Amino acid sequence: MSDALSTDALKAEGLKAEGLSEREVQMLALERGWWKYAGAKEQAIRELFDLSATHYYQLLNALIDTEAALAHDPMLVKRLRRLRTSRQRARTARRLGGGA
C-alpha cells in the first residue's frame, strides 16, 4: 500500500475533522484516493479498518448522509451520493425490467 494511504497519513488527516470520528475521516480519505494506487480496494478496506467490504459500505453509506461528512469534504460526499443514487436507479430499472 502506498504511503499516501498509510494508516499514519490517514490518522494525521483525522485530526483536522470536526464532528467525525477518526475512522470516519479515514474512510473519506480512502474514498478520495484509493483509485490512485495499485491493489484491490477490498484489500485496503480490510487492512485499514479490519472490516468486510459489505460492512464498510454499510458504514460509508450512513456516513455520507451526515452533515459532518458533507462539511468535511463536500465534493467527495456529493460524488459518493450521486454514485449511490445512480446505482440504486440501475438496480430499480433491472428489477422493473423483469430480467428480460
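What you see is a predicted model; the values in this text were computed from it and never measured.
Crowding of K78 atom NZ: a count of heavy atoms from other residues, nucleotides or ligands under 6.0 Å not exceeding 12.
Taking CG from L96 and CZ from R91, the interatomic distance works out to 13.0 Å, rounded to the nearest 0.5 Å. Between atom CG of residue L60 and atom CD of residue E24 there is a gap of 10.0 Å, rounded to the nearest 0.5 Å. If you take CD1 on I45 and NE2 on H55, they are separated by 12.0 Å, rounding to the nearest 0.5 Å. Interatomic distance, I64 CD1 to L59 CG, rounded to the nearest 0.5 Å: 12.0 Å. A distance of 13.5 Å separates OH in Y57 from CG in L63, rounded to the nearest 0.5 Å. Taking CD from Q58 and OG from S52, the interatomic distance works out to 7.0 Å, rounded to the nearest 0.5 Å.
Considering all non-hydrogen atoms of both residues, R79 and E31 come closest at NH2-O, 3.6 Å. Heavy atoms only, all atoms of each residue included: Y56 and L30 are closest at OH-CD2, 3.7 Å. Heavy atoms only, all atoms of each residue included: G19 and A68 are closest at O-CB, 3.6 Å.
Applying the side-chain contact (heavy atoms from CB on, under 4.5 Å) criterion to A62, with sequence neighbours excluded, gives no partner residue. Every side-chain hydrogen bond (donor to acceptor under 3.5 Å, both in side chains) that D65 has, sequence neighbours left out, goes to R84.
No donor-acceptor distance shorter than 3.5 angstrom exists from the side chain of R32 to the backbone of L76, with no hydrogens or angles considered.
Within the 4.5 Å cutoff, the side chain of L70 has heavy atoms near those of the R81 side chain. Between V77 and T66 the shortest side-chain heavy-atom distance does not fall below 4.5 Å.
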